[in-house]
Enquirer: 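The following block contains the structure, expressed as structure tokens.
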Amino acid sequence: LQAHGTRLRDSRGEKIGALIVLNDVTRLRRLENLRRDFVANVSHELKTPITAIKGAAETLEDGALDEPAGARRFVAMIAKQADRLHAIIDDLLSLSRIEQGSEREGIPLTSQALRPVLEAAIQDCALAAADKGLAIDLFCPSELHSRINAPLLEQAVVNLLTNAIKYSPERGTVAVDAALEEGRLLIRVQDRGCGIAAAHLPRLFERFYRVDRARSRNLGGTGLGLAIVKHIASAHDGEVLVQSTVGAGSTFTIVLPQEGKDSGDRQTSP
Ligand code: ADP
């Protein structure tokens, strides 16, 4: 609490009381701390690939250029780190776009069938799945409709699928299914991969939180995928949940409120 006080006096200057204004600044402080942590984290995340690029360029300058095999390796390293910077910046821009959209007039939602959105997400991940010999099963009744922002929901499912593929063993299976339960629409992405220890679950959706930093980086992760999923779920007035068992796999569930059919579409004003 922050307090400001003033003594109150009458016209002859006699003390007649005091006025104390109490401001609850805890929330403001917390927001300010979050912002500061975020800037520090972003800077750190950007610095890592930049340092690697600089190191590779210096090694090339110092003579590696004259040796074709070595030179190719360092050039490939520079390209990989540049891709990494690109991915981080893309994810940061996505996050800020979703945040801005939700804060202003809300993201536009229209009532539409869910199955094509899930099919598109699976299609987006088909190559990555094929590379690991993974099959992605889909179960979604075609009559399921919901008020959604299709491109954003597709992005959320792609992020969950990308993780499910990354953290699954070769030739495993990943399942996507959607169902109505107690008036809510559940979209589940389930893998039989390495799983996540319970201690990590509460922080999993924070920006840049990773269970295994080195592994995530090696797999091309930005540490922002799940934060984006969480933002997209909130922009739909929904949430995202996780259940996981180490060694057995993980299930991420996007839960969307299912309103009456006649609730109308939410459109942004022009
Ligand atoms: P990243 O880009 O590192 O994958 P995410 O925000 O998508 O970042 O995920 C955060 C962390 O959660 C990952 O680094 C990983 O440790 C863990 N994780 C996410 N999805 C899964 C999954 N399906 N199986 C195991 N671990 C996962």
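In this text, all values refer to a predicted model and were calculated from it rather than measured experimentally. In each ligand, atom 1 is the first atom listed, and ligand 1 is the first ligand listed. Just the heavy atoms: all of them, side chains too, but no hydrogens, waters or symmetry mates, feed the values below.
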Enquirer: Side chain, backbone, both or neither: which part of K166 has a heavy atom under 4.0 Å from ligand 1?
Expert: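 Side chain only; the backbone of K166 stays clear of ligand 1.
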
Enquirer: Starting from atom 26 (N) of ligand 1, which protein heavy atom do you reach first, and at what distance in Å?
Expert: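 Nearest neighbour among protein heavy atoms for atom 26 (N) of ligand 1, to 0.1 Å: I196 CG1, 3.3 Å.
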
Enquirer: Does the pair E14/R7 count as a salt bridge with the N-to-O cut at 4.0 Å?
Expert: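 Here E14 does not pair with R7 in a salt bridge, since their nearest N and O are not under 4.0 Å apart.
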
Enquirer: Closest non-hydrogen protein atom to atom 7 (O) of ligand 1, residue and atom name please, with distance?
Expert: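 That would be N163 ND2, 2.8 Å.
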
Enquirer: Contact between F205 and ligand 1, counting heavy atoms under 4.0 Å?
Expert: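 It does not; every heavy atom stays at 4.0 Å or beyond.
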
Enquirer: Donor-acceptor pair, distance only, cut-off 3.5 Å: does the side chain of S244 make one with the backbone of G249?
Expert: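 Yes, S244 side chain to G249 backbone: donor-acceptor pair under 3.5 Å.
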
Enquirer: Is there a donor-acceptor pair closer than 3.5 Å between any side-chain N or O of E119 and the backbone N or O of L114?
Expert: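 Not confirmed, E119 side chain does not pair with L114 backbone.
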
Enquirer: F208, I232: one ILVMFWY side-chain cluster at the under-4.5 Å cut-off?
Expert: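 Both belong to a single hydrophobic cluster.
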
Enquirer: In plain terms, say whether E67 and R72 are close enough for a salt bridge, that is, a side-chain N and a carboxylate O under 4.0 Å apart.
Expert: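 Result for this pair is no, no salt bridge flagged.
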
Enquirer: Nearest protein heavy-atom contact for atom 6 (O) of ligand 1: which residue, which atom, what distance?
Expert: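 Ranked first by proximity to atom 6 (O) of ligand 1 is L226 N, 2.8 Å.
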
Enquirer: Does an N or O anywhere in D191 fall below 3.5 Å from an N or O of ligand 1?
Expert: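 Among all N and O atoms of D191, at least one is under 3.5 Å from an N or O of ligand 1.
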
Enquirer: Quick one: does V211 get an N or O within less than 3.5 Å of an N or O on ligand 1?
Expert: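 Yes, V211 has an N/O under 3.5 Å of an N/O on ligand 1.
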
Enquirer: Who gets closest to atom 10 (C) of ligand 1 by heavy atom: F208, Y209, Y167?
Expert: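 Nearest option to atom 10 (C) of ligand 1, by heavy atoms: Y209.
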
Enquirer: What atoms of ligand 1 come within less than 4.0 Å of a heavy atom belonging to G225?
Expert: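 So the answer, numbered in order with elements, is 5 (P), 6 (O), 7 (O).
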
Enquirer: For F38, does the six-membered ring have the charged nitrogen or CZ of R207 within the cation-pi criterion, i.e. under 6.0 angstrom from the centroid and within 45° of the normal?
Expert: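 The answer is yes; both the distance and angle limits are met.
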
Enquirer: Are I187 and L241 linked, directly or through intermediate hydrophobic residues, by side-chain heavy-atom contacts shorter than 4.5 Å (ILVMFWY only)?
Expert: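 The answer is no; the residues belong to distinct hydrophobic clusters.
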
Enquirer: With atoms numbered from 1 as shown, which atoms in ligand 1 lie under 4.0 angstrom from a non-hydrogen atom of L204?
Expert: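 The list of qualifying atoms is 12 (O).
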
Enquirer: Among L204, D212, V246, T245, which residue satisfies the side-chain contact (heavy atoms from CB on, under 4.5 Å) criterion with I196?
Expert: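 Running side-chain contact (heavy atoms from CB on, under 4.5 Å) over L204, D212, V246, T245 with I196 returns exactly one hit, L204.
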
Enquirer: Would you find a donor on one side and an acceptor on the other, under 3.5 Å apart, between the side chain of D177 and the backbone of F139?
Expert: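 No; zero donor-acceptor contacts below 3.5 Å.
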
Enquirer: So is there a nitrogen or oxygen of A227 less than 3.5 Å from a nitrogen or oxygen in ligand 1?
Expert: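 No, no N or O pair falls under 3.5 Å.
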
Enquirer: At a 4.0 Å threshold, what atoms of ligand 1 neighbour a non-hydrogen atom of T222?
Expert: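 Within the 4.0 Å cut-off of T222, ligand 1 contributes 2 (O).
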
Enquirer: Under 4.0 Å from any heavy atom of S250, which atoms of ligand 1 are there?
Expert: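 Reading through ligand 1 atom by atom, the close ones are 24 (N).
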
Enquirer: Where is the nearest protein heavy atom to atom 3 (O) of ligand 1: which residue, which atom, and how far?
Expert: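 For atom 3 (O) of ligand 1, the nearest protein heavy atom is S216 OG, 2.5 Å.
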
Enquirer: If you draw a 6.0 Å radius around CG in L31, do more than 12 non-hydrogen atoms from other residues or ligands fall strictly inside?
Expert: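 Count over threshold, so yes.
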
Enquirer: Say whether, by atom type as modelled, one donor and one acceptor occur between the side chain of R184 and the main chain of P257 under 3.5 angstrom.
Expert: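 No; judged by distance alone, with no hydrogens or angles, the pair does not exist.
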
Enquirer: Could you identify the single nearest non-hydrogen protein atom to atom 14 (O) of ligand 1 and state the distance to 0.1 Å?
Expert: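 Checking every protein heavy atom, the shortest distance to atom 14 (O) of ligand 1 gives R210 CG, 3.1 Å.
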
Enquirer: Hey, which atoms in ligand 1 end up nearer than 4.0 Å to a heavy atom of F252?
Expert: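 Ligand 1 atoms under the 4.0 Å threshold to F252: 20 (N), 23 (N).
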
Enquirer: As a check for students: among G221, A164, G223, identify the option with a heavy atom nearest to atom 8 (O) of ligand 1.
Expert: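 Comparing heavy atoms across G221, A164, G223, the nearest one to atom 8 (O) of ligand 1 lies in G223.
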
